[in-house]
Amino acid sequence: MSRYTDALDNLAGEAQAVLSQTHAAREQAFPLTRQTIHLCSSAIRAAHRHDYQRGRALLEEASEHLRQIAAATKDHPDLYHAGYVSDAQKEYAEACATLAFLSGEPLVSPAELGVELAPYLNGIAEAASELRRSILDALRCNDIAPCDEWMQTMDEVYGLLVTLDFPEAITGGLRRTTDQLRGVLERTRGDLTMALRQHSLEQRLAEFQEGTANS
C-alpha cells in the first residue's frame, strides 16, 4: 500500500456515488427532452391546421415533461444547463408562441412557461419564422385578411431581437437565429407584396369587366 491508498479509495467511493446519481438523473431527463421536442413539433403542426385544442393538449403534456426534467436535474446544474435541456425549452417556447400568434392569444412570458430567457428568445424567433408558412398557405387559398397581421408580428419580433446585442454564449446563439429570421422576413415581405399587387390587379380587372358588362 502506498501513502495515497486511503485517499484514492475514498475518492473512488465518492466518485462512484456522485456519478451514479448524475447518471441516473441524466437517464431520466434525456428521454424526456426528446419526448418534449416531439410533442412540441406535433403542437406546431396542429396550430398550422388551426386545431388549437389539440395543440394546447400537446403543450400541456410537454409542460409536464419539462417539470419532470427540472425536478430530475434540480441537484445537477451541469445537466440542467446542458444543451439538450435548453433545446427542449426552446422548442416548447416556439410551439407556445406559434400557437399564440396563429390563434390570437396573448404571448406567455418565459417565467410563466417555466423556461430560461435565452431558449425563450430563440423560440419566439423561430415561431416568427413559422408565420411564413401560414402566410404562404393563406395566399395559396387567396385569404389575404390575416397576412398583414402575421407580417406585423414577424416585424415586431425581429425588431425586439435585433436590439439584443450580447455574446452568443449568453444568448444561446440568438444572433444567428435573428439573422435567419431577417432572411425569412425579407423573403416573406417580397412574396406578400407580390401577392397583394396581384390581388389588387385582379380586383380592378374584375371591376372593369363588371362595369363593361353593365354598360
Side-chain angles (χ1 to χ4, degrees), residues 28-72 83-158 160-161 172-174 177-178 180-185 187-189 191-192 195:
Q28 181 180 356
F30 184 66
L32 287 170
T33 62
R34 298 187 65 175
Q35 293 168 24
T36 300
I37 290 171
H38 176 72
L39 288 166
C40 291
S41 296
S42 298
I44 290 172
R45 288 195 295 271
H48 280 298
R49 295 193 302 268
H50 306 292
D51 189 356
Y52 303 131
Q53 184 175 356
R54 171 65 174 163
R56 293 185 195 101
L58 290 166
L59 289 177
E60 180 58 37
E61 191 174 349
S63 176
E64 177 57 31
H65 283 356
L66 286 178
R67 285 192 287 269
Q68 293 177 26
I69 292 168
Y84 55 84
V85 176
S86 177
D87 287 344
Q89 292 187 354
K90 176 180 69 68
E91 293 294 327
Y92 179 62
E94 177 188 353
C96 289
T98 300
L99 184 62
F101 292 157
L102 294 179
S103 67
E105 296 175 353
L107 191 62
V108 182
S109 71
E112 291 173 303
L113 292 182
V115 303
E116 301 296 329
L117 181 60
Y120 180 86
L121 292 171
N122 282 276
I124 64 170
E126 295 191 3
S129 292
E130 283 288 335
L131 292 178
R132 172 176 170 78
R133 172 180 168 183
S134 295
I135 289 172
L136 295 180
D137 286 346
L139 292 177
R140 279 192 288 269
C141 298
N142 203 32
D143 184 12
I144 304 295
C147 294
D148 185 59
E149 182 177 352
W150 290 336
M151 193 75 220
Q152 184 176 350
T153 298
M154 293 177 72
D155 267 324
E156 290 175 351
V157 171
Y158 176 74
L160 162 67
L161 299 177
L174 183 62
T177 309
T178 303
Q180 291 172 344
L181 173 58
R182 180 181 61 192
V184 172
L185 183 59
R187 292 196 305 274
T188 307
R189 194 189 311 280
D191 292 336
L192 181 57

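For this chain, numbers begin at 1 and follow the sequence in order. Source: prediction; values computed, not measured.
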Tell me, which pairs form a salt bridge (charged side-chain N to carboxylate O under 4.0 Å, His left out) where one or both residues lie in residues 93-110, sequence neighbours left out? Arg56-Glu105
Among residues at least two apart in sequence or on other chains, which ones pass salt bridge (Lys or Arg N to Asp or Glu O under 4.0 Å) with Glu156? none
Contacts of Glu64 that satisfy salt bridge (Lys or Arg N to Asp or Glu O under 4.0 Å) - sequence neighbours left out: Arg67
Could you walk me through whether Leu102 and Leu131 satisfy the side chain to side chain contact (heavy atoms under 4.5 Å, CB included) test, starting with their C-alpha distance in whole Å, then the side-chain angles of each, then the deciding distance to 0.1 Å, before giving a yes or no? CA-CA 8 Å; Leu102 294 179; Leu131 292 178; 3.6 Å; yes
d(Leu58 CG, Cys40 SG) to nearest 0.5 Å is 9.0 Å
Salt bridge (charged side-chain N to carboxylate O under 4.0 Å, His left out) pairs, two or more places apart, involving residues 146-155: Asp155-Arg189
Straight-line distance of Ser42 OG to Ile37 CD1, nearest 0.5 Å: 12.0 Å
Rounding to 0.5 Å, atoms CG (Leu136) and CG (Leu192) come to a distance of 9.0 Å
Salt bridge (Lys or Arg N to Asp or Glu O under 4.0 Å) with Glu126: which residues, sequence neighbours excluded? Lys90
Under 3.5 Å: donor-acceptor pair, side chain of Glu60, backbone of Ala57: no
Salt bridge (Lys or Arg N to Asp or Glu O under 4.0 Å) partners of Arg187, counting only residues at least two apart: none
Could you walk me through whether Leu185 and Met151 pass side chain to side chain contact (heavy atoms under 4.5 Å, CB included), step by step? CA-CA 8 Å; Leu185 183 59; Met151 193 75 220; 3.1 Å; yes
